[in-house]
Amino acid sequence: MTPITEVAGRKVTLSNLDKVLHPATGFTKGELLHYYATAAEAFLPHLRDRPVSLLRYPDGPDGQVFFTKNVPPGTPDWVATTEVPRSEGPARMVLVQDLPSLMWAANLVTEFHTPQWSARTPDVADRLVLDLDPGAPATIVECCRVAVWLRDRLAADGLTAYAKTSGSKGLHLLAALQPTPSAEVSAYAKALAVEAEGDLPGLVVHRMTRSLRPSKVFVDFSQNAARKTTAAPYTLRARAAPTVSTPVTWDEVESCGAPSELAFGAEDIAPRLDRLGDLLGPLLDAGLAGSLP
């Protein structure tokens, strides 16, 4: 019998709790749900008011992995949704506004991806993102070197950068913005990536071309486009181990000497939150947002 749990006054169906989803460690669906419940206080503010794209992996990372962008069939009527513009016409997407909605979505077994804008102002970004993706044999260690350069360059333009691991191989940099059209943010981010390649030619590439990427860090600026999304802070990733996109300090970035130093799993997040709080909390404070030059 499928268990039904009451979460903050809502009845949420939770299924297949013993199913192994991350085979490298035997991490089960029950453990996944527990992780999201315990990380919710930090996680939810980064999801709230942003349409969520769900990258689902119901049979683990070796099974079918697929995006669900429209409101899924069977979504409870108490889960908030919003209309979003698309080239083919408007569509409705899920908003994860509260703990019951988070646990309902987590039961689908998913990564959580969000755009750089909120549902109130589609196509008007309130943050900038740069996705640093290493081409083997480069690793997150090289990403950290690039991140420091980008941090300082953003600071020169009056923008404060914050870092998180991607939960995979790389690093994400984010900066809070005063509301700015996504097209303008994309153009600025591309210019930064081109400038980084010019200053760090042996280390950075700004184009996605695979043949250019071995041993270099691809500075992916494209996720600033209005129709693109980025893995949210604190989301689990569809990997063999239950890795998490984890906020990190600049001391950790600057001192990183091995990929293992910035590899975090679900079990690491609660202790980090206890010790460090939400390192990306300033992104949520409109009073701290900067403006593009």
Side-chain angles (χ1 to χ4, degrees), residues 113-117 123 125-178 180-233 237 245-259 261-263 280 283 289-293:
H113 291 239
T114 57
Q116 314 317 318
W117 43 266
D123 301 359
D126 59 9
R127 65 182 54 172
L128 173 147
V129 64
L130 294 166
D131 179 3
L132 310 187
D133 186 15
T139 68
I140 198 170
V141 174
E142 286 73 25
C143 291
C144 288
R145 291 172 54 196
V146 177
V148 170
W149 186 95
L150 288 166
R151 175 199 64 187
D152 294 344
R153 180 63 185 81
L154 287 163
D157 281 342
L159 298 173
T160 301
Y162 300 88
K164 68 181 181 75
T165 67
S166 68
S168 179
K169 298 178 295 181
L171 203 64
H172 295 161
L173 295 193
L174 302 106
L177 296 177
Q178 296 292 336
T180 307
S182 295
E184 293 181 20
V185 181
S186 294
Y188 173 77
K190 180 179 180 179
L192 278 183
V194 171
E195 186 177 342
E197 182 175 338
D199 268 26
L200 304 170
L203 187 58
V204 171
V205 61
H206 81 277
R207 286 178 289 172
M208 194 176 291
T209 308
R210 290 282 176 189
S211 62
L212 301 176
R213 292 171 62 179
S215 302
K216 294 187 178 182
V217 174
F218 171 45
V219 178
D220 184 0
F221 56 86
S222 70
Q223 291 172 31
N224 294 286
R227 300 295 171 264
K228 293 290 189 73
T229 60
T230 305
R237 304 305 304 267
S245 184
T246 306
V248 291
T249 69
W250 280 110
D251 284 346
E252 288 175 311
V253 172
E254 291 176 331
S255 66
C256 182
E261 295 174 17
L262 291 182
L280 299 187
L283 291 174
S291 299
L292 294 187

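Treat the numbers as computed from the prediction; the structure is a model and nothing was measured.
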- Message: Run Leu128 and Leu174 through side chain to side chain contact (heavy atoms under 4.5 Å, CB included) and show every step you take.
- Response: CA-CA 5 Å; Leu128 173 147; Leu174 302 106; over 6 Å; no

- Message: Please give me the minimum heavy-atom distance between Ala163 and Leu280, naming the atom from each residue.
- Response: O-CD2, 4.0 Å

- Query: Distance from Leu262 atom CG to Thr246 atom OG1, nearest 0.5 Å?
  - Reply: 9.0 Å

- Establish, from distance only, whether the side-chain atoms of Asp251 and Thr249 form a donor-acceptor pair under 3.5 Å. no

- Message: Assess, by modelled atom type and distance only, whether the side chains of Gln223 and Asp131 contain a donor and an acceptor separated by less than 3.5 Å.
- Response: yes

- Pairwise side-chain contact, Leu292 with Leu177, heavy-atom cut-off 4.5 Å (strictly under): yes

- Carboxylate-amine/guanidinium contact Arg145 Glu254, below 4.0 Å: no

- Item | Any donor-acceptor N/O pair, Arg151 side chain to Tyr162 backbone, under 3.5 Å | no

- Backbone N or O of Ala225 within a donor-acceptor pair of the Ser186 side chain at under 3.5 Å? yes

- Message: If you apply the rule side chain to side chain contact (heavy atoms under 4.5 Å, CB included), what do you find for Leu132 with Phe218, and how did you get there?
- Response: CA-CA 6 Å; Leu132 310 187; Phe218 171 45; over 6 Å; no

- So, Asp133 and Arg213, do they make that salt bridge, N to O below 4.0 Å? yes

- Might you point out which heavy atoms bring Glu261 and Cys256 nearest each other, and give the distance in Å? OE1-CA, 3.3 Å

- Query: Looking just at side-chain N and O atoms, do Ser245 and Lys164 make a donor-acceptor pair shorter than 3.5 Å?
  - Reply: yes

- Item | Side chain proximity check, Asn224 to Val129, heavy atoms < 4.5 angstrom | yes

- Nearest-0.5 Å distance that lies between atom CG in Leu171 and atom CG in Leu150: 10.0 Å

- Query: Measuring from Ser222:OG to Arg227:CZ, what's the distance to the nearest 0.5 Å?
  - Reply: 14.5 Å

- Task: Verify whether one side chain among Gln116 and Ser182 offers a donor that lies under 3.5 Å from an acceptor in the other.
- Result: no

- If we only count heavy atoms from C-beta on, is the Leu192 to Leu130 side-chain gap below 4.5 Å? yes

- Query: Does atom CZ of Arg207 have more than 12 heavy-atom neighbours, drawn from other residues, nucleotides or ligands, at distances under 6.0 Å?
  - Reply: no

- Message: Less than 4.5 Å apart, side chain to side chain, heavy atoms only: is that true for Asp123 and Pro181?
- Response: no

- Note on the structure: On a heavy-atom basis, the closest approach of Trp250 and Ala161 is NE1-O, 3.0 Å

- Task: Taking the side chain as every heavy atom from C-beta outward, state whether Leu200 and Trp149 have any pair of such atoms under 4.5 Å apart.
- Result: yes

- Side chain proximity check, Leu203 to Val146, heavy atoms < 4.5 angstrom: yes

- Message: Between Val148 and Val253, does the side chain to side chain contact (heavy atoms under 4.5 Å, CB included) criterion hold? Intermediate values first, please.
- Response: CA-CA 8 Å; Val148 170; Val253 172; 4.1 Å; yes

- Task: Verify, without hydrogens or angle tests, whether Glu142 (side chain) and Thr139 (backbone) share a donor-acceptor contact under 3.5 angstrom.
- Result: yes

- Message: With heavy-atom distances below 4.5 Å as the criterion, would you say the side chains of Thr230 and His172 are in contact?
- Response: yes

- Is any side-chain heavy atom of Lys169 less than 4.5 Å from a side-chain heavy atom of Ile140? no

- Hey, are Asp157 and Tyr188 close enough side-chain-wise for a donor-acceptor pair under 3.5 Å? yes

- Query: So, does Thr180 use its side chain to make a donor-acceptor pair with the main chain of Gln178 at under 3.5 Å?
  - Reply: yes

